[in-house]
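Excluded from the calculations below are hydrogen atoms, water molecules and symmetry mates; all remaining heavy atoms, backbone and side chain alike, are included.
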Amino acid sequence: MSDAASPERRAMQKPGVRRFYREATVVEASGGFSLMLDGRAARTPARALLAVPSRAFGNALAQEWQQQGEFIDPAIMPLTKLANSAIDGVTAQREAIIDDLTRYAGSDLLCYRADVPSGLVEAQAAAWDPILEALQKEYGIRFTVISSIVHTEQPPCSIAAIRAVLERAISPFTLAALHVMTTITGSVLCSLACAAELITAEQAWSAAHVDELYQEQHWGRDEEALARRKVRRVDFMAATKVVYWLGFQRQQAV
């Protein structure tokens, strides 16, 4: 079957595709757990086998497909999007993904602070200082906090330490999940702390949105911004599940 004829490919690239299967299941395959649609192995957009390294991940993937209605909606399939990205993209571009994540550490959200108003200054410190302290304790990484919009270089040894942590993330699915978490939050430090279970997913999400939450409390809600944040939250929480299922801390210990 050609790429163009693949129903999974059409379903993930074009919204509104009619559901073409009755049952989504997962079966143990060589080296992982494969998604099956009516007993047929599902494929990624690049025609690789859609298989993941843990049963919990596989079951959740099958549930995403099983819960689709008459039409398939890729917007509510964050685990499928992440798995496709890991298999088709991260596997072949591992170093490029690590490079990209490491670049975030050079201008991480947690390091650039407001100097006014005092309420926001306090909110940022309360949310972000414990994360930096936890990372320093866990990995020996120290970052410079800046109360300015002017870029300031972080210690090279700290950037190198972040890269070393990322290099130990063996699974491309873990790296894909970290990339989703980091691009959504703007903070690789927050994402790593969450992946290492130094903070919870909820704490990471709240920490990444301190500024937005402060503005809402003082100037009111922006419904469009809230809607966008709701969509991002779905993808973020799905990614956190992946790093937990695959055991980020166990990978660090290897």
Only counting residues at least two apart or in another chain, list the ones meeting ring-ring contact (aromatic ring centres under 6.0 Å, His included) with [X].
X      : answer
Phe173 : Phe57
His218 : Tyr214
Trp205 : His209, Phe236
Phe33  : none

Which donor-acceptor pairs under 3.5 Å do side chains of residues 98-106 form with protein atoms, sequence neighbours excluded?
from   : atom 1 : to     : atom 2 : distance (Å)
Asp99  : OD1    : Arg163 : NH1    : 2.6
Asp99  : OD1    : Arg163 : NH2    : 3.0
Asp100 : OD1    : Arg103 : NH2    : 3.4
Asp100 : OD2    : His179 : NE2    : 2.7
Thr102 : OG1    : Ile98  : O      : 2.7

Practice problem: Starting at CG of Asp73, measure out to CD of Gln67 and round the result to the nearest 0.5 Å. | Solution: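 Reported value, rounded in 0.5 Å steps: 12.5 Å.
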
Tell me every residue that passes salt bridge (charged side-chain N to carboxylate O under 4.0 Å, His left out) with [X], counting only those two or more places apart in sequence or in another chain.
X      : value
Asp129 : Arg113
Glu216 : Arg229
Asp235 : Lys81
Glu202 : Arg233

Quiz item: Pairs in or reaching into residues 48-62: which pass side-chain hydrogen bond (donor to acceptor under 3.5 Å, both in side chains), with residues at least two apart or in two chains?
Solution: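 The answer is none; no pair qualifies.
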
Practice problem: Mark yes when over 12 heavy atoms from residues, nucleotides or ligands other than Glu95 sit less than 6.0 Å from its CD; otherwise mark no. | Solution: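 More than 12 heavy atoms, drawn from other residues, nucleotides or ligands, come within 6.0 Å of this atom.
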
Work out which heavy atom in [X] is nearest to a heavy atom in [Y]; give both atom names and the distance.
X      : Y      : answer
Leu110 : Cys190 : CD1-CB, 4.1 Å
Ala86  : Thr91  : O-OG1, 2.9 Å
Ala62  : Val26  : CB-N, 4.4 Å
Cys111 : Leu189 : SG-CD1, 4.1 Å

Quick one: does any side-chain atom of [X] pair with a main-chain N or O of [Y] as donor and acceptor, under 3.5 Å?
X      : Y      : result
Arg228 : Val231 : no
Tyr21  : Trp65  : yes
Gln68  : Glu64  : yes
Arg94  : Ser171 : no
Asp38  : Arg22  : yes

Quiz item: So which pairs with a foot in residues 182-195 pass salt bridge (charged side-chain N to carboxylate O under 4.0 Å, His left out), sequence neighbours left out?
Solution: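 Sorted pair list comes back empty.
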
Practice problem: Output all residues satisfying side chain to side chain contact (heavy atoms under 4.5 Å, CB included) with Glu223, sequence neighbours left out; order by chain, then residue number. | Solution: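 Side chain to side chain contact (heavy atoms under 4.5 Å, CB included) list for Glu223, sorted by chain: Arg221, Leu226.
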
